[in-house]
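Only one structure is covered here, and it is reproduced in the block below.
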Amino acid sequence: MSGQHPGDDLLLEHVRPGATPTREVEAHLATCESCREESERLRAALRALAAAAPPPLAADRVDALISGALAPPPARRAWRRTPRRLALLAAALVLASTAAWAGWVLNETLHARREPSPLGTSTPVVLPTPAGSPPVVLRETPAATPMAIASAGAEPRVSATPAALAPEATPAESAEALYARAEQELATGRPADAALLFEALAERFPSSASAPLALFEAARLHETVLGNPAAAAAAYRRGLALSPGSALAADARRGLCRTSPSDAECQ
Amino acid sequence: MTGDDTLVRAKQGDRAAVEALLRGELDRVRAVLFRYLGGGPDLDDVTQKVLLEIVAGLPSFRGESALATWVHTICVRCAWAHRRVRSNLVFLDTVPDFVDPAAGTEQLEARDLLRVAQAALARIEPERRIVFVLHDVEGYGAPEIARTLSIPEGTVHSRLREARSAVRAFLRRADGRGGAAKGGVT
């Protein structure tokens, strides 16, 4: 051992706090100046990390955190306790189930007929419904949302996909405001909306410092929360193109190769 | 630091005592989370979650471990739970955009060393980073980490190995030693 340089595991195990010094590593360090220097530097780096502290908080921010912990936002409890909100939640679930059911029926119908999709020609598709219910019509919409569901003879009553419900970026919003709003969407449990806002930020402000960050955020959401590797790969790719030399690039490249291993970047 | 009397009253639901306890623990909570999450917006979000967990868990805190240990465990669990929602965007406000590979050890001062170490951590996936910080920075043992994070001990070791390789390689590059770490016995 004394003639062989210690590997990563042995050296860091040797310098970490609370470790028992290894005789073999000690013997090597006694004879190898380069490893001795490196071990000292690693030890100093670990100590620096252990002693690092974030910048102090402003007094009002401290108060806000403490108040937030002592009195959780009423909305959180209201969702659990208010019958009216529960009724709304139930209604939303019913609508979502109906939309899912309608999508399944449409899919089955189109596959069974093996005909070109009538949606491509904007022809409404009338779906069978349970007895007593009004017929349901699926038709293509001009927006990014693939389709809207409407009762026959009435205005569309619901759009089923998250994209249709996503908040739009307003023209006056700055990159910072968009980023903050995306964070807010994320914090309130709407990752799909957050991803859209992050992507909107990068599209509108491609040269801003937060654009690569936003794309990376969107990519991670697509990959780990929304289960959409294709969208994740696209966002990683755009982020890499915007900022190939940034601190994020290595992570973005790894993300791209996880979600799209055949990408040229991964060869 | 929180006194025994404050803790007893806080456990009984005394609002003023709970507030005093939270104020007393806040710096420690943020310092612990800072090591896992860096100084970005995640820090405040997860700090809030930890404080909420403390308040929720106080009535059932039996004092079998020190308050600091209990709070630390909550911090670790909250950071761990947060790892999939958020990404590796740690320390972005402190990470140097560019570390001169030609800079020698003597040219990097203590502050720069911290920045480089943080930059090294920022490049590790959250799951590996948290394990690395717990083990190599805070000095916890693998069995304890496995219990706290509810993952197999073998997983702790494998993530630790990968993180160590990445950290050492990055520090070597920053020192201008270049290339991968020297081969050797691991």
Side-chain angles (χ1 to χ4, degrees), chain A residues 1 4-13 15-19 24 28 34-35 37-38 41-42 44-57 61-62 64-70 72 179-180 183 186-187 191 213 216-217 219-221 224-225 245-248 250-251 254-255, chain B residues 15 18-19 22-23 26-27 30-31 33-35 39 41 43-45 47-48 51-52 54-55 84-89 92 95-98 105 110 113-114 116-123 125 133 135-139 160-161 164-165 167-169 171-172 175 177 181-186:
Chain A
M1 169 72 202
Q4 196 170 12
H5 301 297
D8 306 324
D9 232 15
L10 268 185
L11 194 59
L12 272 152
E13 183 61 37
V15 300
R16 79 181 185 97
E24 291 85 349
H28 177 78
S34 164
C35 284
E37 274 178 11
E38 189 180 0
R41 185 153 169 70
L42 281 170
L46 296 180
R47 282 183 186 149
L49 285 171
L57 279 177
R61 187 69 197 121
V62 171
L65 282 169
I66 302 291
S67 312
L70 291 172
Y179 200 98
E183 295 246 282
L186 193 58
L213 230 68
F216 194 79
E217 282 281 66
R220 293 287 296 188
L221 286 172
T224 60
V225 181
S246 75
L248 287 174
D251 290 327
R254 274 199 297 274
Chain B
R15 188 184 165 94
V18 175
E19 180 174 344
L22 293 181
R23 287 187 186 278
L26 183 59
D27 284 349
R30 292 184 74 241
L33 293 177
F34 181 68
R35 292 197 283 270
L43 181 60
D44 274 8
D45 291 350
T47 298
Q48 184 73 82
L51 297 183
L52 283 163
I54 291 174
V55 173
R84 289 202 183 280
V85 180
R86 303 286 299 182
S87 57
N88 326 17
L89 304 181
L92 283 174
V95 171
D97 289 334
F98 174 69
T105 306
L113 178 61
L114 174 60
V116 172
Q118 287 179 327
L121 281 192
R123 284 158 174 77
E125 295 285 327
V133 171
H135 194 275
D136 281 4
V137 177
E138 298 182 348
L160 184 60
R161 240 190 331 270
R164 282 172 163 177
S165 291
V167 167
R168 190 182 178 196
L171 288 177
R172 287 175 66 83
D175 279 351
R177 297 176 193 222
K182 293 169 183 172
V185 178
T186 55

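Chain identifiers are assigned alphabetically (A, B, ...) following the order of the sequence lines, protein sequences preceding nucleic acid strands; residue numbering begins at 1 within each chain.
Listed options A64(A), A219(A), G255(A), A53(A) were ranked by heavy-atom pairs under 4.5 angstrom with chain B; first place goes to A53(A). Of all the listed residues (L42(A), V62(A), L57(A)), the one sharing the greatest number of non-hydrogen pairs under 4.5 Å with chain B is L57(A). Interface remark: of the candidates L160(B), D27(B), L51(B), L51(B) forms the most heavy-atom pairs closer than 4.5 Å to chain A. Looking only at heavy-atom pairs under 4.5 Å with chain A, the residue among R15(B), R30(B), E138(B) that has the most is R30(B). Note: A45(A) leads G18(A), A44(A), A45(A), P56(A) in heavy-atom pairs under 4.5 Å with chain B.
Here R47(A) pairs with nothing under the side-chain hydrogen bond (donor to acceptor under 3.5 Å, both in side chains) rule; sequence neighbours left out. Legend: residues meeting salt bridge (charged side-chain N to carboxylate O under 4.0 Å, His left out) with E19(B), ordered by chain and number and at least two apart, are R23(B).
Both the backbone and the side chain of D44(B) come within less than 4.5 Å of a heavy atom of chain A. Residue P191(A): no heavy atom, backbone or side chain, is found under 4.5 Å from chain B. Looking at A51(A), neither its backbone nor its side chain comes within 4.5 Å of chain B, counting heavy atoms on both sides. Contact annotation for I54(B): neither backbone nor side-chain heavy atoms come within less than 4.5 Å of a heavy atom of chain A.
At distances below 3.5 Å, not a single donor-acceptor pair connects side-chain atoms of R35(B) with backbone N or O atoms of A52(A).
Looking at heavy atoms from C-beta onward, L26(B) lies in side-chain contact with T47(B) at the 4.5 angstrom threshold. The shortest side-chain heavy-atom distance between V137(B) and L121(B) does not fall under the 4.5 Å cut-off. The shortest side-chain heavy-atom distance between L65(A) and L22(B) does not fall under the 4.5 Å cut-off.
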Test salt bridge (charged side-chain N to carboxylate O under 4.0 Å, His left out) applied to R168(B) and E13(A), step by step:
CA-CA 12 Å; R168(B) 190 182 178 196; E13(A) 183 61 37; over 6 Å; no
